[in-house]
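Position 1 is the first residue of the sequence, and the numbers go up from there.
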Amino acid sequence: MKKIFLSAATLTVAFAFGQKKEVAAAFKAIEAGDVATTNAQIAQAESAMGDKTYLLEPAVLEQYYYAKGLALLKSGKTAEGASYLAKINSLAKNKIYVGKDSSKNKVYYVGKEAADASGIQGLKEESYTPTLTGKLGSSLNPGIEAANKAALDSYNAKKYAEAAPKFKEVYDLLNAAGQDNKKYLYYSGLTYALADKKKEAIDVYMQLLNDGYTGIETTYTAKNKKTNEVENLEKTSWDLYKKMGAAGDYTDFKTETSKSLEQEMYETTAALLIDSDRAEEALALIEKGMKKFPASSKLSELQGNAYYKSGKTNEFVNNLKAQLAKNPNDPNNWYNLGVLQSKDPSTEADAVASYKKAIELKPDFAQAYQNLTYMTMGDDAKAIDDYNAARKAGKTEQANKIIEARRARLAATLPYAEKWYQYDQNNIDAVTLLKGLYLSTKNDVKFKEFKAKEDAMNASQK
């Protein structure tokens, strides 16, 4: 009998055809509501291709995401299903890079990053328009409403670890429906940060920053003549009704633009990276952020912390001194120099001088007053412990010296603390510290005043 040998190219064609056939069968099954058959066909396709989804042409890949996403959705795995369905929209947002690999397989990479990572040269850039997004509305709406309610309920209950993935779920579901509303992704990052889920928060914020999200939104409102109620309108409708003038159904046309969240995201992400011992990544992000927001004192402060944590303290100190030599009237640089000098006991006096220079140039520099407050006060808990130890040991003279030195420090601290509070009156730490200082200096009237302020602030946070 004559033996038959299949070439590698023939095997590749048969392999790709099998995947298409299984994905097509899964698509038909989910359209018919048959989740079990869908899962079986998807499992066969995945068994053959593994994670090599780049072997599927865009139309087949879209069917794969659609079938798998809906099957997961219908099985109660909403978050996982939403993430697959959201990938359909990525086919529209990204270019498709087409070519052949070293085994002559035809490949389709979604997005330039995936194409570059493949290492394949000469890929042709194409575009693809998904066709299944419009079919998802009725399937997604209940999930969107449920996920949004769950996210808001958890957030209002301060269950941030539960709220964050639900906000991400809302984003993915909306994205799957063709609405790339990154506001919900921002909410997810914010609540991950509040839940102290640093890695997850960093991942979300970095995605937003890399995508160029600023958070700036314009709201279009007008008053309905029939109901006399102010309504939010889509821009197209708002423009149309406005052009209609007196003949239209609306009046009092107004727009409101929200503030940018970009600076806040740079600052928050940098702080999270530093707290996660990822100082080098923080420095790279801060450098990028400071080009956009050079006046951000927070980014300048974080840069100092990042240099210190990455072991580049001297480099940053020298850099700041060079900048101050060119521009000695920059309070932020004096402040940042003080921050770094304060970390070394041998340069604490220099730090005090730098902070004083900062407030000389910027009299309402609350953070500089705050740092001067704590530096002047020193380690008060240790002073009290030392006093008690000396007194118990019968060393009366030594105990008296310790308590007198403490009184002198607290008296010197008080003016800085009062200035701190003057320029940062919503800071409960300033209020609590002043309450203690007034108690220690036997100013009963001020003690009671600040005790009442502290109680009121604590009550408002509950």
Side-chain angles (χ1 to χ4, degrees), residues 113 116-117 186 189-190 192-213 261-328 330-358 362 365-375 378-379 429:
E113 185 177 346
D116 291 343
Y186 169 76
L190 175 65
Y192 270 130
L194 290 171
D196 202 30
K197 298 281 187 178
K198 294 184 178 66
K199 181 184 181 303
E200 293 84 350
I202 290 169
D203 289 344
V204 171
Y205 278 129
M206 289 298 292
Q207 180 182 339
L208 290 167
L209 290 170
N210 290 335
D211 287 349
Y213 176 71
L261 300 169
E262 193 174 15
Q263 180 175 332
E264 173 207 308
M265 287 191 292
Y266 271 107
E267 293 170 352
T268 302
T269 309
L272 290 167
L273 285 167
I274 293 169
D275 288 345
S276 302
D277 296 323
R278 296 162 64 177
E280 292 291 347
E281 293 173 72
L283 284 170
L285 182 70
I286 290 167
E287 183 179 352
K288 184 179 176 182
M290 290 184 74
K291 288 179 181 177
K292 290 191 170 191
F293 309 103
S296 171
S297 59
K298 183 66 175 177
L299 283 176
S300 297
E301 178 187 351
L302 290 168
Q303 188 179 48
N305 292 339
Y307 269 111
Y308 181 77
K309 278 205 166 186
S310 62
K312 298 177 180 178
T313 307
N314 291 336
E315 178 182 336
F316 188 51
V317 168
N318 292 336
N319 176 268
L320 280 176
K321 287 180 177 178
Q323 290 185 54
L324 286 168
K326 294 176 183 177
N327 179 18
D330 186 333
N332 291 327
N333 280 342
W334 280 111
Y335 171 80
N336 289 326
L337 181 60
V339 169
L340 290 174
Q341 290 168 330
S342 69
K343 296 180 183 297
D344 184 346
S346 68
T347 56
E348 284 185 357
D350 294 330
V352 170
S354 294
Y355 287 139
K356 287 182 176 180
K357 185 65 178 178
K362 185 181 177 183
F365 207 147
Q367 289 172 305
Y369 283 117
Q370 177 182 355
N371 289 7
L372 278 170
T373 297
Y374 286 120
M375 286 194 72
D379 190 344
D429 291 336

Visitor: Under the salt bridge (charged side-chain N to carboxylate O under 4.0 Å, His left out) definition, can you give me all pairs with a residue in residues 262-272, not counting sequence neighbours?
Guide: Glu262-Lys292

Visitor: On a heavy-atom basis, which atom in Glu348 and which in Met375 lie closest, and how many Å separate them?
Guide: O-CE, 3.5 Å

Visitor: More than 12 foreign heavy atoms under 6.0 Å from NZ of Lys309: is that the case here?
Guide: yes

Visitor: Ser310 side chain to Tyr307 main-chain N or O, any donor-acceptor pair under 3.5 Å?
Guide: yes

Visitor: Keeping the roles fixed (side chain from Asp211, backbone from Tyr213), state whether a donor-acceptor pair exists under 3.5 Å.
Guide: no

Visitor: Could you tell me whether Lys362 atom NZ has more than 12 heavy atoms of other residues or ligands within 6.0 Å of it?
Guide: yes

Visitor: Donor-acceptor pair, Thr347 side chain versus Asp344 backbone, under 3.5 Å?
Guide: yes

Visitor: Please report the interatomic distance CG(Asn314) to NZ(Lys312), rounded to the nearest 0.5 Å.
Guide: 12.5 Å

Visitor: Sub-3.5 Å donor-acceptor pair from the side chain of Lys343 to the main-chain atoms of Tyr308, do we have one?
Guide: no

Visitor: Per the side chain to side chain contact (heavy atoms under 4.5 Å, CB included) rule, which among Val339, Leu337, Asn332 passes with Tyr335?
Guide: Val339

Visitor: Hey, does the side chain of Trp334 reach the backbone of Lys356 with a donor-acceptor pair shorter than 3.5 angstrom?
Guide: no

Visitor: Between Ser342 and Tyr355, is any pair of side-chain heavy atoms under 4.5 Å apart?
Guide: yes

